[in-house]
Amino acid sequence: PEGIAAIAVLLALLAWSMPRWAGRLRSRFDEIAPWSIYRLMVGSSFLTAFASMQAAGFTVEQSLTRLADHAKPWLRERIDDMLFGVKSGLNVGEAMRVSGYRFPSREIVEDLCVYAQYKGFAESLKTLADEWVETGVEKVTAQMRILNGFAIVVMALMLGLLAGRLADPDGGGTLAVPTRKVVIAAKLAGRAAALLADLGLGQHLAVVSDPRTRAVLGERVVASLAST
């Protein structure tokens, strides 16, 4: 059905955008889920790695350069702007603030602006990173609950559409798609013929799928139907 295909495409685009979509517009979306969850997770990893490299004796510039070398476009953009600020004479907190990304978070940026001015920066950074990881887990958990609730609502709407019980907002009855049967189970291998037996479709059937789906599942379904 077109609705399910649209949702699948949307989810694929979301997954693709997380590490790759950069730019100022993305910064606005980083305040809302699911991009905010990605920012929290990557921010925690970045801060922990940065703290470890500082504790190992690397300079701020060396640490950021090494982290940027292996970063995806979204993170690389933020680190590059930090590096520009550091090379211009700012401390790392000031460089983060001037970049305007509020990464890893507004609170972390303000704290680093202070800690970077004093001795023992590496130790303070490690403590800050540990606290941020704990806080990040709590925030991610809270936002995941919201997303789970949203996913349940979407699934209910899709099932209602498939069952022909979703009211048409323009009036005139209910919305439906030409779906005869939907089966969700832990294991369906080898059951294709049995699942279709009560639908009265006859002996001549066509299995339609894209090339990847056919390689993963379609060929098995064809073989199962051909064996009956």
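These numbers were taken from a predicted model, which means no experiment stands behind them.
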Pairs satisfying ring-ring contact (aromatic ring centres under 6.0 Å, His included), at least one member in residues 101-130, at least two apart: Phe46-Phe103, Trp74-Phe103

CA sep, side-chain torsions, deciding dist, call: Leu125, Leu47, side chain to side chain contact (heavy atoms under 4.5 Å, CB included): CA-CA 8 Å; Leu125 183 60; Leu47 203 58; 4.0 Å; yes

Nearest heavy atoms of Pro73 and Ala22, plus distance in Å: O-CB, 4.2 Å

Val109 to Gly93 - nearest heavy-atom pair and separation: CG1-O, 3.7 Å

Distance check, rounded to the nearest 0.5 Å: [X] atom [atom1] versus [Y] atom [atom2]?
X: Leu83; Y: Ser99; atom1: CG; atom2: OG; answer: 11.0 Å
X: Lys126; Y: Glu131; atom1: NZ; atom2: CD; answer: 10.5 Å
X: Glu123; Y: Leu128; atom1: CD; atom2: CG; answer: 13.0 Å
X: Met96; Y: Ser105; atom1: CE; atom2: OG; answer: 9.5 Å

Look at the side-chain heavy atoms of Ile, Leu, Val, Met, Phe, Trp and Tyr, link any pair under 4.5 Å apart, and say whether [X] and [Y] land in one connected group.
X: Val60; Y: Leu90; result: no
X: Val92; Y: Val98; result: no
X: Phe58; Y: Leu75; result: yes

Side chain to side chain contact (heavy atoms under 4.5 Å, CB included) partners for Ser209, two or more places apart: Thr213, Arg214

With Val207 via side chain to side chain contact (heavy atoms under 4.5 Å, CB included) - residues at least two apart: Val221, Val222, Leu225

Sequence neighbours excluded - salt bridge (charged side-chain N to carboxylate O under 4.0 Å, His left out) pairs with any residue from residues 53-76: Arg76-Asp80

Whether Arg26 side chain and Arg20 backbone form a donor-acceptor pair below 3.5 Å: no

Gln62 side-chain N/O to Thr59 backbone N/O, donor-acceptor pair under 3.5 Å: yes

Salt bridge (Lys or Arg N to Asp or Glu O under 4.0 Å) partner of Asp30, the single match among Arg39, Arg78, Arg24: Arg78

Lys/Arg N to Asp/Glu carboxylate O, Glu31 vs Arg102, below 4.0 Å: yes

Taking the side chain as every heavy atom from C-beta outward, state whether [X] and [Y] have any atom pair closer than 4.5 Å.
X: Leu14; Y: Pro34; result: yes
X: Asn91; Y: Leu112; result: no
X: Thr48; Y: Asp130; result: no

Arg106 CZ: over 12 foreign heavy atoms closer than 6.0 Å: no

Connected hydrophobic set around Trp16, excluding itself, where side chains approach under 4.5 Å: none

With sequence neighbours excluded, residues passing ring-ring contact (aromatic ring centres under 6.0 Å, His included) with Phe29: Trp21, Trp35

